[in-house]
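A quick write-up on the structure given underneath.
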There are 2 protein chains.
Amino acid sequence: MTQVRKRSQMTPKQASACCRPIDNLLDPELFRALSDPTRVRLFGCLIKCGRACLVGEVAECCSVDLSVVSRHLQLLERAGILEVVKEGRTVSYCVKYGVLCEMFRSIANAIESSCPVHQHAA
Amino acid sequence: MTQVRKRSQMTPKQASACCRPIDNLLDPELFRALSDPTRVRLFGCLIKCGRACLVGEVAECCSVDLSVVSRHLQLLERAGILEVVKEGRTVSYCVKYGVLCEMFRSIANAIESSCPVHQHAA
DNA sequence: TGCGTACTTGCGTCATAATGCAAGTATACG
DNA sequence: CGTATACTTGCATTATGACGCAAGTACGCA
C-alpha cells in the first residue's frame, strides 16, 4: 500500500506539505491589519459610512491623534482593504467591499473544503 | 428635512453611531490570533490535517521550540477557533471548522450588506 | 508670496508579544 | 517506587507596535 494516505491518517507535518486552497488565503498581514481595536473601529466606521472619507473626518470617530489615524488608514490600505484617493491637499479612503467579501468567502469555502465531514458529503 | 440621512451623506462619525451587523463580527482578538506567521502556519497544518493532533505532532511542522507551539495552540483555543482534548498525559487540538466557516461567511455577508452598490440592488 | 488647511513623518516612550531555555507538573509504564 | 514521556510554565531577552507631540510637506487661496 504505497498510495497516498487518507487525510485522516496524515500527520500535521505531512499535511503541511500538501497544497490546498487555504494555503494562500490565510495571510497574517491581512489579519494583523484587523488585530488592533482602534484600527477596527476606524475600519468599521468606513464600512458603515459607505463612501470615501477624509482622514480628518475619520479621526472624529476616535479619540486618538490625527497622526495615529493617518497611520492606521495607511496600514489598512497597504493591507489591500482600503483604497486611497488623493485630491489636492485632501486624502480620502474608501473600503474595497468587493475584495473583502470575496476574500472572506474564499477563506470560508477553503476551510469548509478541508473539513473531514465535508469530505464525506462530497 | 429632519429625517434620517441617506447613508452616502453620513459622516464616518454619524455612521459609527448606527448599529449594523458588522459591529459584532469584526473582533480584533480573533484577527490577532491569526496575525502571527508562525501561528498561521501551525493553524494551516491543523486545518489540512483534518483531525485532532498532539502538540508534539504539530511542533514538527515548525522549527520553533515545543513550548512556543504549546503557547500558540493555547492562544488559538482561547480565540475560539481550536478545540482542546486532554487525555492522560497527551493534549490534542482540532479545528472548529463549523465555527470558522460561519464566522467568515457572516463577516462577508455583513460587509456586503453595508456596500452602497449592494444597497441599490436591494 | 504669505498664510491657513490637511495631512504626513520623525522620534521618543511605553506596552505587548514572540522566542528559547530551564524547571516544573502530570501521567503512564515497568 | 522510579523513570520516561508529554507537555506547561517561569523568566529573561529581543522585537514589534501603538501613541502623542512636534516639525515638516503639499496644496489652495487671497
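OP1 or OP2 of D:dT9 has at least one side-chain nitrogen or oxygen of B:Gln74 nearer than 4.0 Å. Distances shown here put every side-chain N or O of B:His72 at or beyond 4.0 Å from the OP1 or OP2 atom of C:dA17. Residue A:Ser70 places none of its side-chain N or O atoms closer than 4.0 Å to OP1 or OP2 of C:dC7.
Distance check: A:Met103 CE to B:Ile107 CD1 gives 10.0 Å after rounding to the nearest 0.5 Å. Interatomic distance, B:Cys45 SG to B:Glu57 CD, rounded to the nearest 0.5 Å: 11.0 Å. Separating the SG atom in B:Cys115 from the CG atom in A:Leu100 is a distance of 10.0 Å, to the nearest 0.5 Å.
Using cut-offs of 30° and 60° on the angle between ring planes, the pair B:Phe31 and A:Phe104 is tilted.
In this structure, A:Arg41 atom CZ and D:dA18 atom C1' are separated by 17 Å, rounded to whole Å. Nucleotide C:dA17 holds its P atom 11 Å from the CZ atom of B:Arg78, rounded to whole Å. B:Leu54 places its CG atom 16 Å from the P atom of C:dT27, with the value rounded to the nearest Å. Spacing between atom CG of A:Leu75 and atom C1' of C:dT9 amounts to 15 Å, rounded to whole angstrom units. Taking atom CG on A:Leu73 and atom P on D:dA18, their separation rounds to 13 Å, with Å as the unit. Rounded to whole Å, atom P of C:dA6 lies 11 Å from atom CD of A:Glu57.
Considering A:Val58, A:Val85, A:Val84 as possible partners of A:Tyr93, the one that fulfils the side-chain contact (heavy atoms from CB on, under 4.5 Å) test is A:Val84.
Within residues 32-40 of chain B, the residues having any heavy atom under 4.0 Å from DNA chain C are, by residue number, B:Arg32, B:Asp36, B:Thr38, B:Arg39.
For residues 63-76 of chain A, there are no salt bridge (charged side-chain N to carboxylate O under 4.0 Å, His left out) pairs, not counting sequence neighbours.
Salt bridge absent: B:Arg32 and B:Asp27 never bring a charged side-chain N and a carboxylate O closer than 4.0 Å.
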(request) Assign a letter to each nucleotide of nucleotides 20-30 of chain D from its 5' end: B, base within under 4.0 Å of a protein heavy atom; S, sugar-phosphate only; -, no contact. (result) BB-----BS--
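The main-chain N or O of B:Leu66 is never found under 3.5 Å from a side-chain atom of B:Ser70 such that the two would form a donor-acceptor pair.
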(request) Carefully, step by step, assess B:Arg105 and A:Glu112 under the rule salt bridge (Lys or Arg N to Asp or Glu O under 4.0 Å). (result) CA-CA 11 Å; B:Arg105 287 228 171 83; A:Glu112 190 169 65; 3.2 Å; yes
